[in-house]
Amino acid sequence: MYEGVVYLVGAGPGDPKLITVRGLELIKKADTIIYDRLVAPRLLAFARPGAEIIYAGKEPGCHAIKQEEICRLLAEKAGEGKVVVRLKGGDPFVFGRGGEEAEALHEAGVRFEIVPGVTSAIAAPAYAGIPATHRDYASTLAIITGNEAPLKDDSSIDWEKIATGADTLIFLMGMANLQEITQRLINGGRSSQTPAALVRWGTRPEQRTLVGTLENINEQAERSGFTNPAVIIVGEVVLLREKLKWFENKPLFGKKILVTRAREQAGALSEKIEALGGESLEFPTIKIAEPVDFASLDQSIKELNNFNWVVFTSVNGVESFFKRLRHHRKDIRELYNARLCAIGPKTREALERYGLLVEYIPGEYRAEEIAVGLRGKLTCGERVLLPRAAEARKVLPKALSEMGAVVTEVAAYRTVPAAGNSAALKEVLGRGEIDLVTFTSSSTVRYFVEMAGSPLLSATRGKFAVACIGPVTAGAARALGLQVDMVAEEYTIEGLVETIVKSQESEFRSQNSEFRSQNKSMVFYL
Ligand code: SAH
């Protein structure tokens, strides 16, 4: 029998990618995961199927499970021989009660290990462009709890000493006591003009930063409704933000972007959005399914060596075709007679992964262009196989037939509506939180419109922008009553993202010029 063990794992400050390699490895292996409120929910998706996942709460002032109960649970699960991951925000030993939990495990005789994490105390300021130390501004650093009501006599913090005892002071859990904290520091001898900053939801797409001085930061926070979870930073290092601010300068920072592609394909787009500082919300409106019947695909596989060309118009087409080929215990050798054409670079890459070289991809990545490009390559009477979506448009087979080709169109897959999350989709759209919706095929538009419903779409008209991967998708969107704001110049995911970034930049420029003209008029009135 295996011996149980508890890993106290730091989940990092918020951005799920800031977990350690060791931390992620243990999440994937755990039998039981007990996690806190500030843990990035996306990390839990790495748990293995069947792992037990328990929420331990820890909202300020109301714990879902009492601390003693958590310790008892950890020992109990490990006692059953399980691999337990206790997942905590930031670093487990920085104000995370990790010390207490480890003590309890020690007392219960349970084996444990600590996996340190990136603490919000350092990471939130770093993402706001504030280094905790700097040779010219700060040689000492103190990390302090802001949780102890500082005006109480029984505070364990020596406010007089701490006020001037370190160059950089970083407070966690301090928002409720911000007024008292700043007052105590000023009373303790720190200049009221010392720069101070607040960073809320640091490292996450919704990060917000407020900069002021010890004297006015509280008033500013009240005015802008700045609340937890935030880190308070006091010291000259705050001034470096002006030069070192980087995360908030990313082109898509603060933008909430809806991704409507099928779940398996959403990741590539989401990753690009997030690398540019945006927040991606995945709401697949379509799902890739098997064709209703395989008869035509199976027949074409049987006589593959009769085809002169096989034309693939999507990655899904490639994957479903080869899956079926394997199902018949056949492989790429069956294709020895055929020349291959792909609609664009991703489809070509998918074929290259099977070791196949593509003869032709069109200059413009859409079906119409394939026929244009194959003119001159394709001889009259040649047989062309088109394995693609059951519902694909007829333009390509029609154009190829007109050129004298003998076209065999087969349904390799089907796109069907992704049922189940339309209530959640309606909710995010209804709240007006979405800045932009992306469409990567006509079917994503069709089922998005179906899922959202026309009453909601008319009510939210103009509240979010619409970006389409190409003219065909844009045409489908317009036909369904959507106003299309952006169409990618190059019809790929990269092209789509590039177009979104460009449009954000021009929006930013026009906001700035508005700002400049407002300033001008102020000067005028003065
Ligand atoms: N162990 C954690 C801290 C837990 S205490 C760590 O090392 O980060 C909880 C406090 O951490 C919050 O009240 C807030 O002050 C801070 N905090 C946690 N995540 C944060 C984030 N993403 N941005 C700003 N502050 C954060």
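We count residues from 1, following the sequence as given. Atoms considered below: every heavy atom in the structure, side chains included; atoms not considered: hydrogens, waters and symmetry mates. We count ligands from 1, going down the list as the structure has it; atoms in each ligand are counted the same way.
The salt bridge (charged side-chain N to carboxylate O under 4.0 Å, His left out) test with Glu248 is passed by exactly one of Arg208, Arg204, Arg241: Arg241.
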Can you give the donor-acceptor pairs under 3.5 Å from side chains of residues 256-264 to other protein atoms, not counting sequence neighbours?
unit_1, atom_1, unit_2, atom_2, d
Thr260, OG1, Thr438, O, 2.7
Arg261, NE, Thr440, OG1, 3.4
Arg261, NH1, Gln265, O, 3.0

Show me the donor-acceptor pairs within less than 3.5 Å that the side chains of residues 117-137 make with the rest of the protein, sequence neighbours left out.
unit_1, atom_1, unit_2, atom_2, d
Thr119, OG1, Ala121, N, 3.2
His134, ND1, Asp136, N, 3.0

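In this structure, CD on Gln483 lies 5.5 Å from CZ on Arg461, to the nearest 0.5 angstrom.
Residues passing the salt bridge (charged side-chain N to carboxylate O under 4.0 Å, His left out) test with Lys161, sequence neighbours excluded: Asp158.
Sorted by chain then number, the residues whose non-hydrogen atoms approach ligand 1 to under 4.0 Å are Pro13, Leu38, Gly89, Gly90, Asp91, Val94, Phe95, Thr119, Ser120, Leu172, Met173, Val199, Trp201, Gly202, Asn228, Pro229, Ala230, Val231.
Taking a 6.0 Å sphere around CZ of Arg72, one finds it holds more than 12 heavy atoms contributed by other residues, nucleotides or ligands.
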